[in-house]
Amino acid sequence: MPRAFLFVLDSFGIGGSSDAATFGDEGADTFGHILAGCRDGKGDREGLRSGPLDLLNMSGLGLGDAWRTATGQPFDREEMRTGFHGAAQEVSDGKDTPSGHWEIAGVPVPFKWGYFPDTVPAFPPDLTEAIIREGKLPGILGNCHASGTEIIERFGEEHIRTGKPICYTSVDSVLQIAAHEEHFGLQRLYDLCKVVRKLVDPLNIGRVIARPFLGETVETFKRTPNRKDLAVPPPEPTLCDRVVASGRRTIGIGKIGDIFAHRGISEVRKGVGNMAMLDVALGAMVDAADGDLVFANFVDFDTEYGHRRDIAGYAAALEAFDRRVPEILARLRPGDMLILTADHGNDPSWRGTDHTRERVPIIGAGPGLRSVDVGLRPTFADIGETVAEHLGLAPGRHGISFYGLIRADA
Ligand SMILES: O=P(O)(O)O[C@H]1O[C@H](CO)[C@@H](O)[C@H]1O
Ligand SMILES: [Mn+2]
Ligand SMILES: [Mn+2]
């Protein structure tokens with residue numbers, strides 16, 4: 001029986017989105033601008049990395065071709081392709097993580113998320129009052145759009161002093177709550193997020209996110225890995241649900257469980273940081289049973305480097321991942337299919353600190369699968385449908401499988 005490995009490099013967009021202008025992102029290109037930045041010396045950092053971006057292994061799978069498909073621009077390196085490759089456009093209205101992942105899993109988001117305006121305060125007064133009342137709080141801090149690392153620097157000390165949690169949002173459909181793991185309490189933060197989850201349901205907010213941190217001063221504040229996302233469940237059965245309904249298992253690595261509100265997820269495995277996450281994913285490639293789906297999210301690209309607008313950091317993270325692609329390929333057995341893709345962009349050369357609307361790469365391989373160009377797919381859902389067909393599941397309602405192009409006997 002076949003197995004499938006779907007690995008999402010969170011925010012690794014490849015530009016070219018036809019509706020980018022609607023999002024204020026015309027010209028954004030995470031991969032293209034890291035590539036160009038490294039060429040121009042913007043990717044150099046003492047002790048970290050320097051020189052042109054070196055993604056030999058992903059290029060070998062067809063990453064350059066995927067970028068050419070997404071952007072229409074010539075790629076300046078001739079590639080040796082051993083994988084199938086293409087690009088996909090998002091049809092869901094949001095450029096956020098749940099929209100991207102749900103669409104990859106065959107369910108584009110058919111409705112508009114609720115968003116908070118970029119004003120101070122950002123939250124409607126009755127919501128703020130309800131959070132304070134039902135959360136039994138002395139008040140809240142923040143109440144604005146912000147970058148999560150910057151806002152704990154700004155309000156961290158006041159938070160410790162007053163016990164008021166720091167509530168903030170972004171261009172995504174999120175309400176994030178930062179609080180100190182010890183002074184406020186981790187469990188208390190999780191409990192508060194549960195209360196707030198219910199309060200924002202009527203506003204159609206995609207996620208309430210706990211953002212715990214440690215440290216005592218502006219210089220020492222640091223977010224911990226105990227982040228927790230409370231997402232609304234997907235509006236229809238996803239690929240994960242379909243796998244589980246057919247009696248197989250979906251092993252979710254990293255944030256995947258949270259993103260799908262734990263629906264259709266048989267087991268969650270986690271690691272702290274991309275490399276530990278990759279170790280966990282490699283382990284799952286060894287012990288996943290026939291028919292299983294291993295669905296992994298590598299969040300550092302987004303959280304640590306994209307949002308922080310750190311070209312050198314993003315480049316180094318990509319290179320570290322790329323160096324280990326041979327380990328991934330070495331674990332593929334006959335009947336397996338691997339797809340590497342992304343859920344949105346987060347161009348580290350772009351203005352602001354938010355995600356960018358972009359097309360995403362589809363590169364993959366499997367013993368016997370053909371090394372073909374699968375072209376520009378009009379929806380991320382084509383990825384999920386391809387995995388579904390590979391696993392022998394009935395077609396879903398959205399997207400068209402390209403499995404016919406890559407299957408060994410095509
Ligand atoms: O700046 P931080 O807290 O990392 O926030 C980012 O993380 C959120 C969820 O992924 C996004 O909406 C973005 O605002
Ligand atoms: Mn994401
Ligand atoms: Mn993000």
Side-chain angles (χ1 to χ4, degrees), residues 6-14 23 25 28 30 90 92 94-105 109 113-116 118 122 141-142 144-156 165-179 189 193 200 205-213 221-232 252-260 274 277 295-310 313-314 317 340-348 350-361 380:
L6 188 48
F7 290 1
V8 177
L9 281 64
D10 201 306
S11 87
F12 188 41
I14 52 173
F23 293 80
D25 294 336
T30 301
E90 183 165 16
S92 302
K95 51 178 176 175
D96 56 275
T97 292
S99 298
H101 282 77
W102 295 357
E103 187 166 324
I104 289 169
V109 179
W113 295 108
Y115 297 98
F116 295 113
D118 191 0
L141 300 171
C144 56
H145 279 235
S147 150
T149 44
E150 177 272 322
I151 202 165
I152 58 176
E153 285 172 14
R154 191 146 45 103
F155 290 111
I166 304 163
C167 301
Y168 65 104
T169 186
S170 72
V171 295
D172 292 331
S173 183
V174 293
L175 195 159
Q176 308 209 68
I177 309 180
L189 172 60
C193 286
V200 298
I205 299 300
R207 281 178 299 165
V208 173
I209 310 179
R211 294 295 204 151
F213 65 96
F221 289 139
K222 193 162 175 34
R223 299 200 293 196
T224 75
N226 295 321
R227 163 185 177 162
K228 194 177 245 177
D229 296 38
L230 302 183
V232 290
I253 314 267
K255 279 172 55 157
I256 293 295
D258 284 348
I259 293 167
F260 289 91
N274 270 358
M277 210 74 92
F295 198 169
N297 170 281
F298 297 90
V299 73
D300 282 8
F301 297 114
D302 178 71
T303 311
E304 300 293 325
Y305 311 113
H307 284 297
R308 313 282 83 90
R309 296 298 189 251
D310 178 353
Y314 206 135
L340 305 181
T341 186
D343 55 341
H344 50 74
N346 203 344
D347 184 340
W350 208 242
R351 69 182 83 88
T353 60
D354 290 311
H355 295 167
T356 42
R357 181 72 161 188
E358 295 180 38
R359 290 175 174 155
V360 298
F380 295 1

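Only heavy atoms go into these numbers, but all of them, side chains included; no hydrogens, no water, no symmetry mates. Numbers here are sequence positions counted from 1. Whatever order the structure lists ligands and atoms in, that order sets their numbers, starting from 1.
Counting only distance, with no hydrogens or angles, the side chain of Asp302 and the backbone of Asp10 share no donor-acceptor pair below 3.5 Å. A donor-acceptor pair is defined here as one N or O able to donate and one able to accept, closer than 3.5 Å; such a pair exists between the side chain of Asp300 and the backbone of Asn274. When atom types are taken as modelled, the side chain of His145 and the backbone of Phe116 share a donor-acceptor pair closer than 3.5 angstrom. Although no hydrogens or angles enter the test, the distance criterion places a donor-acceptor pair under 3.5 Å between the side chain of Asp343 and the main chain of Ser11. The main-chain N or O of His307 is never found under 3.5 Å from a side-chain atom of Thr353 such that the two would form a donor-acceptor pair. The closest donor-acceptor contact from the side chain of Arg211 to the backbone of Thr224 lies at 3.5 Å or more, if one exists at all. When atom types are taken as modelled, the side chain of Arg308 and the backbone of Thr303 share a donor-acceptor pair closer than 3.5 angstrom.
In Asp302, the N, O or S atom that comes nearest to the Mn ion (ligand 3) is OD2.
Within the 4.0 Å heavy-atom cutoff, Glu150 does not count among the residues contacting ligand 1. Ligand 1 does not have His145 within reach: every non-hydrogen atom of the residue lies 4.0 Å or more from it.
Counting only non-hydrogen atoms, the option in His307, Gln176, Arg223 that gets closest to atom 5 (O) of ligand 1 is Gln176.
Here the Mn ion (ligand 3) is the vertex; the NE2 atom in His355 and the NE2 atom in His307 give an angle of 90° (to 10°). For the pair OD2 of Asp343 and OD1 of Asp10, the angle whose vertex sits at the Mn ion (ligand 2) is 100° to 10 degrees. Draw a line from the Mn ion (ligand 2) to NE2 of His344 and another to OG1 of Thr97, and the angle between them is 100° (to 10°).
Polar contact check, Lys255 against ligand 1: no nitrogen or oxygen pair lies under 3.5 Å apart. In terms of polar-atom proximity, Arg211 is counted as a contact of ligand 1, with an N or O under 3.5 Å from an N or O of the ligand. Considering backbone and side-chain atoms alike, Tyr168 places an N or O below 3.5 Å from some N or O of ligand 1.
Counting heavy atoms closer than 4.0 Å to ligand 1, residue Arg227 contributes side-chain atoms (C-beta onward) but none from N, CA, C or O. If you look at Glu304 next to ligand 1, there are no close heavy atoms at all, none under 4.0 Å. Under 4.0 angstrom from ligand 1, the non-hydrogen atoms of Ile209 all belong to its side chain.
Counting heavy atoms from C-beta on, the side chains of Lys228 and Asn226 never come closer than 4.5 Å.
A donor-acceptor contact under 3.5 angstrom links the side chains of Thr30 and Glu358, judged on distance only.
Summary of contacts: the protein heavy atom closest to atom 12 (O) of ligand 1 is Asp172 OD2, 2.7 Å.
Taking the ring centroids of Phe260 and Phe295, they lie under the 6.0 Å cut-off.
Ring geometry, Trp113 versus Trp102: the interplanar angle falls from 30° to 60°, so the pair is classed tilted.
Atoms of ligand 1 lying under 4.0 Å from at least one heavy atom of Arg308, given by number and element, are 1 (O), 2 (P), 4 (O). Proximity to Gly148 (heavy-atom distance under 4.0 Å) selects the following atoms of ligand 1: 1 (O), 2 (P), 3 (O). Remark: ligand 1 atoms within the under-4.0 Å shell around heavy atoms of Ser147 are 1 (O).
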